[in-house]
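Chain identifiers are assigned alphabetically (A, B, ...) following the order of the sequence lines, protein sequences preceding nucleic acid strands; residue numbering begins at 1 within each chain.
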Amino acid sequence: MIKAITGIKDILPSEIPSWSHLEEAIHSVFKNYNYKEIRTPVFEETTLFSRGIGEETDIVGKEMYTFTDRSGTSVTLKPEMTAAVVRAYVEHSLGKQQPLNKLYYISPMFRQERPQAGRLRQFHQFGGEAIGSSSPLLDVEMIDIAYNILNNLGLKDILVKINSLGIPGSRERYKEELRNYLAEKKEMLSEDSRRRFDKNILRIFDSKIDNDQNLLKDAPLILDYLDDESKSDFDMVQSMLERLNIPFEIDQRLVRGLDYYTKTTFEIISGSVGSQNALCGGGRYDLLIEQLGGEPTPGVGFAAGIERILLACENENVLNLPEDKIDVYFVLLDNELKIEAFELVHNLRSAGFKVDLDYMDRSVKAQMREANKYSSRFVIFIGGEEYASGKMNVKNMQDGNQFIMPLGNSEELIKWLVEVK
RNA sequence: GUGAGCGUAGCUCAGUUGGUUAGAGCACCAGGUUGUGGCCCUGGGGGUCGUGGGUUCAAUUCCCAUCGCUCACCCCA
């Protein structure tokens, strides 16, 4: 048996209602905030991601699905969306058409990691990008949108965490201080953290080892090293979140794993999904557009993981989706009658009603059970007697009442169905 | 890449301290009025017990390998 590749999953019909529900919420909320949808290809030239995300990041270093196409070009299945959106923004000069572009997407992403709860090799993200303004109100807008969507789904166990990484100059000064502070403790750090010390010292804050966290207790804090503008922007973000009644927590240990972030970063975590608990992550990337060959342009965005959000919804049991009922199920005595009734079935379907019938040559009882299984509101029964006398038997499946209607008059039936609907 | 756990019907799982035809619930199919659902009842189909090898008179059960899945680490959505 041929099976799906490790870490990728089919989304089966039984799961589609939750997906559709979430997707509709995403489209609806983004439209409220006046964002326009953008779709980019699933793969790009590899250099877009290595330059955009950062050569030293784990994503680029060990997680990308990269291969060489027949012309010898190295291409990569997109591991995240921001670089791709920025590429499209620059390539099509969207910034020349209007100063601010507010964009959103829903798209599959690919990262070759070991799968676990809430982590897949093909997974789906939705997210927003606002390119063209450095207003911290947009930082807030991003958090607002993400929080809004999660909140509307009914999720309770979520927490917004924010931080500011400052601009490169202030961040470098801070990293220097942190390095000085940890230098003498380096030998006591865990192996992973010693590696982080050399590679990306900020990531030591992510360590799950108690002793590492103890050693960090009196470490210098990044917010004390912010430049004036980052600081006042961050203050604005906080006060505005308060005014919007969005609960949040400042987490100075929140350092995101992509190189392009500047100033505000944020994350929304869930307490109900296991170890991979970030439902959403984002921040400002004021230098990325320039770095990818565009005019210097500020931007801010976020991405959220659909599978993780649905996992949280499932675990918190908050998605009560309406049953998918059909309107009419035709119960027809034999194959001849099915052929006779098929045009009527077609007419009802064309008129917008959900209609089905048996194609398996099954007994009347089995057809009725099928009608029940699909929660059909009505059954239209046509047997030999009815057909001979030009009638059909309409049964209301809720109360069991039956009555006779003339056969062969689609218009009258449709009119009646519209009335009772 | 590292570590741990698990692989028995479509699904969730029992079971065999090695021994004849491997079970349950749900799902599926057929019946319980000759042409009528939900509840209930009866019956039925479906598994080479992940795969390969070893030990043994005998393996689904023990051993080894392999593949797959799951969870965790790393990192991230």
* Result of checking A:Thr264, A:Asp139, A:Thr265 against A:Arg284 for side-chain hydrogen bond (donor to acceptor under 3.5 Å, both in side chains) -> A:Asp139
* **A:Tyr374 OH: over 12 foreign heavy atoms closer than 6.0 Å** => no
* On a whole-Å scale, what distance lies between the C1' atoms belonging to B:U60 and B:C6? -> 16 Å
* Assign each of A:His124 and A:Asp361 to its nearest nucleotide of RNA chain B by heavy atoms, then name whichever residue's nucleotide is nearer the 5' end. => A:Asp361
* Look at the side chain of A:Lys78 and the backbone N and O of A:Pro41, then say whether any donor-acceptor pair between them is shorter than 3.5 Å. => yes
* Asked: Listed by chain and number, what are the side-chain contact (heavy atoms from CB on, under 4.5 Å) partners of A:Asn200, not counting sequence neighbours?
  -> A:Leu202, A:Arg203
* Considering only atom P, compute the distance from B:C64 to B:U55 and round it to an integer number of Å. => 15 Å
* Are A:Leu189 and A:Asn211 side-chain neighbours, meaning at least one heavy-atom pair lies under 4.5 Å? -> no
* A:Asp356: what forms a salt bridge (charged side-chain N to carboxylate O under 4.0 Å, His left out) with it, not counting sequence neighbours? -> A:Arg349
* Yes or no on salt bridge (charged side-chain N to carboxylate O under 4.0 Å, His left out) for A:Arg179 and A:Glu176, after CA distance, side-chain angles and deciding distance? -> CA-CA 5 Å; A:Arg179 203 169 285 121; A:Glu176 200 47 50; 3.1 Å; yes
* Side chains of A:Ser272 and A:Ser270: is there a donor and an acceptor less than 3.5 Å apart? -> yes
* Considering only heavy atoms from C-beta outward, does the side chain of A:Leu413 approach that of A:Met405 to under 4.5 Å? -> yes
* Asked: Using the C1' atom in both, what is the distance from B:G19 to B:A24, to the nearest Å?
  -> 24 Å
* Euclidean distance for P, B:U8 against B:C49 (whole angstrom) -> 11 Å
* For nucleotides 69-74 of chain B, read 5' to 3', which letter fits each nucleotide if B means a protein heavy atom sits under 4.0 Å from the base, S means only the sugar-phosphate is that close, and - means neither? -> SSSBBB
* Asked: Counting just side-chain N and O atoms, does A:Thr57 come under 4.0 Å of either OP1 or OP2 of B:C75?
  -> no
* Asked: Quantified in whole Å, what is the C1' atom distance between nucleotide B:C62 and nucleotide B:G47?
  -> 23 Å
* Separation between the P atoms of B:C71 and B:C41, rounded to whole Å -> 37 Å
* Pick the P atom in B:A14 and in B:C75, then give their distance to the nearest Å. => 36 Å
* Test A:Asp58 against every option in A:Arg111, A:Arg195, A:Lys199 by the salt bridge (charged side-chain N to carboxylate O under 4.0 Å, His left out) rule and name the one that passes. => A:Lys199
Which atoms of nucleotides 6-11 of chain B (N or O only) lie under 3.5 Å from a protein N or O atom, and what are those distances?
none

* Whether A:Tyr65 and A:Phe110 hold their rings parallel, tilted or perpendicular, with breakpoints at 30° and 60° -> perpendicular
* When the distance from CG of A:Asn200 to C1' of B:C75 is rounded to whole Å, what number comes out? -> 11 Å
* Asked: Which ranges of RNA chain B pair up as stems, where a stem means three or more consecutive Watson-Crick or G-U pairs with both distances under 3.5 Å?
  -> B:1-7 with B:67-73, B:10-13 with B:23-26, B:28-32 with B:40-44, B:50-54 with B:62-66
* Asked: A:Tyr104 vs A:Phe30 aromatic rings, parallel, tilted or perpendicular, using cut-offs 30° and 60°?
  -> parallel
* Rounded to whole angstrom units, what separation is found between the CE atom of A:Met1 and the P atom of B:U51? -> 11 Å
* Asked: Are A:Arg119 and A:Glu113 close enough for a salt bridge, meaning some N to O gap below 4.0 Å?
  -> yes
* To do: May I have the distance from A:Ile53 (atom CD1) to B:C75 (atom C1'), rounded to whole angstrom?
  => 13 Å
* Base of B:C76 paired with side chain of A:Arg308 (donor-acceptor, under 3.5 Å) -> yes
* B:G52 and B:G7: how far apart are their C1' atoms, nearest whole angstrom? -> 15 Å
* What do the steps show when you test A:Tyr33 against A:Asn148 for side chain to side chain donor-acceptor pair (under 3.5 Å), and what is the final call? -> CA-CA 11 Å; A:Tyr33 289 78; A:Asn148 208 333; 2.9 Å; yes
* Asked: What does A:Arg362 touch in the nucleic acid at a heavy-atom separation under 4.0 angstrom: a base, only the sugar-phosphate, or nothing?
  -> sugar-phosphate
* For nucleotides 34-41 of chain B, just jot down a letter per nucleotide in 5' to 3' order: B, S or -, based on protein non-hydrogen atoms under 4.0 Å. => -BBBB-B-
